[in-house]
**Student:** 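Have a look at this one.
Quick note: residue numbers are just sequence positions, from 1. When a ligand or atom number is given, it counts from 1 through the structure's own listing order. These values consider heavy atoms only, across backbone and side chains, with no hydrogens, waters or symmetry-generated copies.
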Amino acid sequence: MEQQVIKCLIIGSGPAGYTSAIYAARANLSPVLYEGVQPGGQLTTTGVLENFPGFPDGIDGQQFMDDMRNQASRFGTKVCNGVVTSVDFGKIPYRVTIDGEKDLLAHTVIISTGASAKYLGLEDEKKYAGMGVSACATCDGFFYRKKVVAVVGGGDTACEEASYLAGLASKVYLVVRKPFLRASQIMKDRVMKNEKIEVLFEHNATGLYGENGVEGVHLVKRKGESDELYYDLPIDGFFLAIGHTPNSDVFKSYLETDEVGYIITEPDSPKTKIPGIYAAGDISDPHYRQAVTAAASGCKAAILAERYLLEHSLL
Ligand code: NDP
């Protein structure tokens, strides 16, 4: 029996994926969406989402994603569980393999696999995973009420996480490898004015220690300089906020990426160099990385997919 070809296959379930699903479903593209490793994406680990227009009092990140999923399903999106393990974009229809065993064929594919938090690559990050190491302050900050924590990074994420944690913890060290913060002025000011936050400029973490969980961090100040200083700092929690890695590995043999791994698309468009294949949301956005911009690019991708299907008489 001939395998059915999906008109619009959406990979990923963050704001980009679900917005494209809502638009594709309402345009009768019968979209099929695969949720991926983290159903709902990064927002499910956010506390309250305060900057998405239309929610004057904010909305819980998990609730927001549940609502998006329900909205996509209401219009007929088939939401499936599974992770894309390989693709063949070399011939039409495009082939996408789920969990290494199930092959799907699709006329159009919207890639919205997002980005994942980066780690320093220390052995101790693995050793103490779930025992004092976290890459999400809003998810795990609660466990550090009145405790001492360190946040690594000097960008907006690090400043945001440090400020958030300062509302819970008794003390927050911000470990910054450069002699300055690269965050936006408003976030810098917020951190520098907060009495609970101490910024450790020109510091790197080299390891962690503790018997049954993190009890401290090994630090080096001004590494490689004549006044280089190694010392230990007692902490209860170690938070990473050093950026994100786009989840694009599986697509790299067919699509162009930048040096970090973000999929390169046409300017201001989710179009990739392969007709019918689109990249929406954080997977192709090193600049904005906002729920609202991701949703907007998901909308564009669905509209482009519809036009492609119409032009090729596939609708
Ligand atoms: P960034 O890439 O902006 O910053 C990463 C930070 O981590 C930098 O200070 C960098 O140091 C540091 N870093 C990276 N690797 C290491 C390492 N191995 N060891 C120590 N430090 C390291 O990432 P963000 O996640 O902060 O932000 C990404 C984008 O999202 C930005 O455009 C940001 O403006 C935006 N954003 C906006 C927010 C808002 O507006 N509310 C909130 C969060 C993010 P160095 O400076 O030395 O490279």
**Student:** Using heavy-atom distances only, which candidate in Asp156, Asp282, Ile242 approaches atom 22 (C) of ligand 1 most closely?
**Tutor:**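 Heavy atom nearest to atom 22 (C) of ligand 1 belongs to Ile242.
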**Student:** Can you tell which of Lys221, His218, His203 makes a side chain to side chain donor-acceptor pair (under 3.5 Å) with Tyr231?
**Tutor:**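 The passing option is His203.
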**Student:** Lys178 to ligand 1: N or O pair under 3.5 Å?
**Tutor:**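 Checking ligand 1 against Lys178, an N or O pair does fall under 3.5 Å apart.
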**Student:** Using the rule given for side chain to side chain contact (heavy atoms under 4.5 Å, CB included), can you reason through Leu219 versus Leu200, listing the C-alpha separation, both sets of side-chain angles and the distance that settles it, and then say yes or no?
**Tutor:** CA-CA 10 Å; Leu219 292 172; Leu200 304 176; 3.9 Å; yes
**Student:** Of all the non-hydrogen atoms in the protein, which one sits nearest to atom 43 (C) of ligand 1, and at what distance?
**Tutor:**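 For this ligand atom, the closest protein heavy atom is Thr157 OG1, 3.4 Å.
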**Student:** Identify the closest protein heavy atom to atom 40 (O) of ligand 1: which residue and atom is it, and at what distance?
**Tutor:**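 Closest protein heavy atom to atom 40 (O) of ligand 1: Gln290 NE2, 4.6 Å.
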**Student:** For the residue pair Gln290 and Asp285, confirm or rule out a side-chain donor-acceptor distance under 3.5 Å.
**Tutor:**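 No - no donor-acceptor pair under 3.5 Å links their side chains.
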**Student:** Heavy atoms only: which of Met187, Arg177, Glu161 lies closest to atom 47 (O) of ligand 1?
**Tutor:**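 Looking at heavy atoms only, the winner is Arg177.
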**Student:** Identify the residue among Arg177, Lys178, Arg222 that makes a side chain to side chain donor-acceptor pair (under 3.5 Å) with Glu202.
**Tutor:**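 For Glu202, the side chain to side chain donor-acceptor pair (under 3.5 Å) check succeeds only for Arg222.
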**Student:** Give a yes or no on whether a salt bridge exists between Asp66 and Arg69, defined as a side-chain N under 4.0 angstrom from a carboxylate O.
**Tutor:**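 Not counted as a salt bridge, because no side-chain N and carboxylate O are separated by less than 4.0 Å.
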**Student:** May I ask you to identify, for Leu120, whether its side chain, its backbone, both or neither come under 4.0 Å of ligand 1 on a heavy-atom basis?
**Tutor:**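 Near ligand 1, Leu120 shows its side chain, while the N, CA, C and O stay back.
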**Student:** Treating Ile, Leu, Val, Met, Phe, Trp and Tyr as nodes and any side-chain heavy-atom pair under 4.5 angstrom as an edge, say whether Ile22 and Phe52 lie in one connected cluster.
**Tutor:**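 Per the 4.5 Å side-chain linkage, Ile22 and Phe52 are not co-clustered.
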**Student:** For atom 29 (C) of ligand 1, what's the nearest protein heavy atom and its distance?
**Tutor:**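 Answer for atom 29 (C) of ligand 1: Arg289 NH1, 3.3 Å.
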**Student:** For atom 41 (N) of ligand 1, which candidate among His244, Glu160, Arg182 provides the closest heavy atom?
**Tutor:**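 Result: the heavy atom closest to atom 41 (N) of ligand 1 is in Glu160.
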**Student:** Taking 4.0 Å as the limit for heavy-atom contacts, which would you say applies to His287 with ligand 1: side chain only, backbone only, both, or neither?
**Tutor:**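 The part of His287 near ligand 1 is the backbone, not the side chain.
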**Student:** Would you check if the distance from the ring center of Phe55 to the ring center of Phe64 is below 6.0 Å?
**Tutor:**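 So the answer is yes for these two rings.
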**Student:** Compare Gly154, Gly243, Ser184, Ala241 and give the one whose heavy atom is closest to atom 23 (O) of ligand 1.
**Tutor:**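 The nearest heavy atom belongs to Gly243.
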